K.L.:
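This is the structure, below, for whatever I ask next.
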Amino acid sequence: MSSALDSLLDLLDLEQIERDIFRGTSRSAVVPRVFGGQVAAQALVAAGRTVPADRTAHSLHSYFLRMGDPGAPIVYSVDRIRDGRSFTTRRVVAVQHGQPIFHLSASFQTYEEGLEHQADMPPAPDPETLPTAAQMLPQYADTFTDPGVMDRLLEARDSVDLRYVGAPPFANVGTPQEPRSQVWFRTNGKLADDPLLHVCMATYVSDMTLLDSVLLAHGRGGWTVGDVVGASLDHAMWFHRPFRADEWLLYDQESPSASGGRGLGQARIYTQDGRLAITVIQEGVVRVPRD
């Protein structure tokens with residue numbers, strides 16, 4: 001296991017300071033604010049710590065309310081909404097400096113048999129044939145407005161091996177493309193056999209690239225090249241089938257709409273053997289900077 005993955009696991013191992021109150025820290029991110037995937041994953045950890053071990057997360061719905069301060073701790077307060085015979089519901093509020101910055105509702109379920117069908121996995125190349133971040137990012141260093149961006153991107157990829165199937169948005173600025181993108185990802189090391197950990201790790205990664213397809217549709221490179229500004233507004237996930245975040249997962253993403261300064265991304269995450277594991281939907285602010 002890499003030291004970067006150890007650091008990420010430490011980040012997700014929240015300190016319990018009261019029965020339903022937890023405290024987390026942040027690490028340096030690519031942008032000068034708390035990474036949205038981090039606060040979503042930590043909130044899900046807090047919710048899961050109050051749920052019986054035989055109930056696994058099957059969905060989450062969340063809103064990003066304020067920009068997080070990476071230099072201050074985040075306090076997660078869990079509200080035990082309902083404990084039913086099959087389902088458990090939790091609400092989590094993340095607070096910094098006395099104000100809520102994030103709100104999450106999550107539902108957990110005991111295992112049961114049921115009807116089965118799924119959308120087919122789309123074609124994608126073998127992830128082992130694709131370039132790593134360390135191989136791919138340096139060739140685009142000249143396109144970044146901040147010379148430190150590449151180092152921060154590489155640091156963010158130390159714990160997660162994320163490989164683009166096609167070119168990232170910053171590779172083809174000015175050339176609109178089909179609003180679709182794919183990446184393969186897995187952690188850079190093995191994880192413990194804890195279903196909550198794998199769900200939380202996938203939640204963390206799911207916020208990294210979901211709005212790429214919005215940028216591709218308009219030939220925009222993103223905040224790294226300075227032709228858009230943006231932030232996540234909300235994030236929803238449904239966990240359909242068991243998976244491991246330390247094994248290859250295909251993140252198949254598309255954008256059906258952008259309007260009103262907002263862009264919508266929707267995606268499906270498949271295991272390498274073709275099982276649909278997760279559905280993700282996110283809306284974010286995507287604005288063209290004013291002169």
Side-chain angles (χ1 to χ4, degrees), residues 8-27 29 31 33-110 191-192 194-208 210 231-240 243 245 269 277-285:
L8 178 54
L9 292 174
D10 287 342
L11 199 71
L12 297 181
D13 188 16
L14 303 180
E15 175 191 4
Q16 185 165 2
I17 57 178
E18 251 300 347
R19 179 174 181 259
D20 292 329
I21 302 176
F22 302 84
R23 179 164 51 208
T25 59
S26 301
R27 67 176 184 176
V31 291
R33 59 176 181 257
V34 176
F35 171 52
Q38 175 205 303
V39 69
Q42 287 181 329
L44 189 57
V45 168
R49 294 271 179 90
T50 71
V51 174
D54 65 342
R55 301 193 174 201
T56 56
H58 76 85
S59 70
L60 67 84
H61 302 263
S62 62
Y63 284 92
F64 297 91
L65 306 175
R66 291 179 175 86
M67 184 183 300
D69 175 4
I74 307 173
V75 175
Y76 296 91
S77 177
V78 181
D79 191 356
R80 299 180 184 234
I81 300 297
R82 182 174 183 269
D83 290 287
R85 281 189 283 184
S86 299
F87 293 89
T88 292
T89 306
R90 295 290 185 262
R91 180 172 58 205
V92 183
V93 179
V95 176
Q96 270 191 326
H97 305 304
Q99 292 185 312
I101 64 167
F102 179 80
H103 175 278
L104 173 138
S105 294
S107 184
F108 301 76
Q109 181 190 15
T110 57
L191 301 176
D194 176 0
L196 178 63
L197 176 60
H198 291 264
V199 165
C200 291
M201 195 64 72
T203 300
Y204 177 87
V205 179
S206 68
D207 191 41
M208 286 184 172
L210 185 50
S232 301
L233 289 171
D234 57 20
H235 200 82
M237 302 180 73
W238 292 264
F239 305 100
H240 308 301
F243 64 90
I269 298 179
I278 311 169
T279 297
V280 192
I281 297 180
Q282 181 183 66
E283 189 172 44
V285 172

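Everything numeric here is computed off the predicted structure, so don't read it as measured data.
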K.L.:
Looking only at non-hydrogen atoms, find the nearest pair between Ala57 and Phe239 and report the distance.
P.N.:
O-CB, 3.5 Å
K.L.:
How many angstroms lie between CD1 in Ile269 and CD1 in Ile278, if you round to the nearest 0.5 Å?
P.N.:
4.0 Å
K.L.:
Below 4.5 Å, heavy atoms only, C-beta onward: do Phe64 and Val285 meet side chain to side chain?
P.N.:
no
K.L.:
Output the distance between atom CZ (Phe108) and atom CZ (Arg82), rounded to the nearest 0.5 Å.
P.N.:
14.5 Å
K.L.:
Would you call Val280 and His235 a side-chain contact if the rule is heavy atoms closer than 4.5 Å?
P.N.:
yes
K.L.:
Does any N or O in the side chain of Arg49 come within less than 3.5 Å of the main-chain N or O of Leu14, such that one atom is a donor and the other an acceptor?
P.N.:
yes
K.L.:
Could you check whether any side-chain heavy atom of Glu15 comes within less than 4.5 Å of a side-chain heavy atom of Val75, counting everything from C-beta outward?
P.N.:
no
K.L.:
If you look at every heavy atom in Ala47 and Val92, which pair is closest and at what distance?
P.N.:
CB-CG2, 3.8 Å
K.L.:
Any idea which heavy atoms bring Met237 and Ala202 closest together, and the distance?
P.N.:
CE-O, 4.1 Å
K.L.:
Please examine the side chains of Gln99 and Arg66, heavy atoms only from C-beta on, and report whether any two atoms are closer than 4.5 Å.
P.N.:
yes
K.L.:
Can you tell me how far CZ of Phe102 sits from CG of Leu104, rounded to the nearest 0.5 angstrom?
P.N.:
5.0 Å
K.L.:
If every non-hydrogen atom of Gln282 is compared with every non-hydrogen atom of Ser232, which pair is closest and at what distance?
P.N.:
NE2-OG, 3.2 Å
K.L.:
Counting C-beta onward and ignoring hydrogens, is there a side-chain heavy-atom pair between Tyr204 and Gln38 closer than 4.5 Å?
P.N.:
yes
K.L.:
Is the count of non-hydrogen atoms from other residues, nucleotides or ligands lying under 6.0 Å from Arg91 atom CZ greater than 12?
P.N.:
no
K.L.:
Is it the case that His58 and Ser107 place a side-chain donor and acceptor less than 3.5 Å from each other?
P.N.:
yes
K.L.:
Say whether, by atom type as modelled, one donor and one acceptor occur between the side chain of Gln16 and the main chain of Glu18 under 3.5 angstrom.
P.N.:
yes
K.L.:
Considering only heavy atoms from C-beta outward, does the side chain of Arg19 approach that of Arg80 to under 4.5 Å?
P.N.:
yes
K.L.:
Indicate yes or no for a side-chain donor-acceptor contact from Gln96 to the backbone of Ala72 under 3.5 Å, with no hydrogens or angles considered.
P.N.:
yes
K.L.:
Would Val199 and Thr56 count as a side-chain contact (heavy atoms from CB on, under 4.5 Å) here? Give the steps.
P.N.:
CA-CA 9 Å; Val199 165; Thr56 56; over 6 Å; no
K.L.:
Which pair of non-hydrogen atoms, one from Met201 and one from Leu12, has the smallest distance, and what is that distance?
P.N.:
CE-CD1, 4.1 Å
K.L.:
Give the C-alpha distance, both sets of side-chain angles, the deciding distance and a yes or no for side-chain contact (heavy atoms from CB on, under 4.5 Å) between Leu197 and Leu9.
P.N.:
CA-CA 9 Å; Leu197 176 60; Leu9 292 174; 3.7 Å; yes
K.L.:
Between Ile74 and Phe22, does a side-chain contact (heavy atoms from CB on, under 4.5 Å) hold up when you go through it step by step?
P.N.:
CA-CA 8 Å; Ile74 307 173; Phe22 302 84; over 6 Å; no
K.L.:
Please report the shortest heavy-atom distance between Ala106 and Leu44, naming the atom on each side.
P.N.:
CB-CD1, 3.9 Å
K.L.:
Starting at CG of Leu233, measure out to OG of Ser62 and round the result to the nearest 0.5 Å.
P.N.:
11.0 Å
K.L.:
Going by heavy atoms in the side chains, are Val39 and Tyr76 under 4.5 Å from each other?
P.N.:
yes
K.L.:
Check for a donor-acceptor pair, side chain of Asp234 on one end and backbone N or O of Glu283 on the other, with a separation under 3.5 Å.
P.N.:
yes
K.L.:
Would you say Val93 and Asp79 make side-chain contact, with heavy atoms under 4.5 Å?
P.N.:
no
K.L.:
Measure the spacing between CG of Leu191 and SG of Cys200 and express it to the nearest 0.5 Å.
P.N.:
11.0 Å
K.L.:
Taking it one step at a time, do Gln109 and Val51 satisfy side-chain contact (heavy atoms from CB on, under 4.5 Å)?
P.N.:
CA-CA 10 Å; Gln109 181 190 15; Val51 174; over 6 Å; no
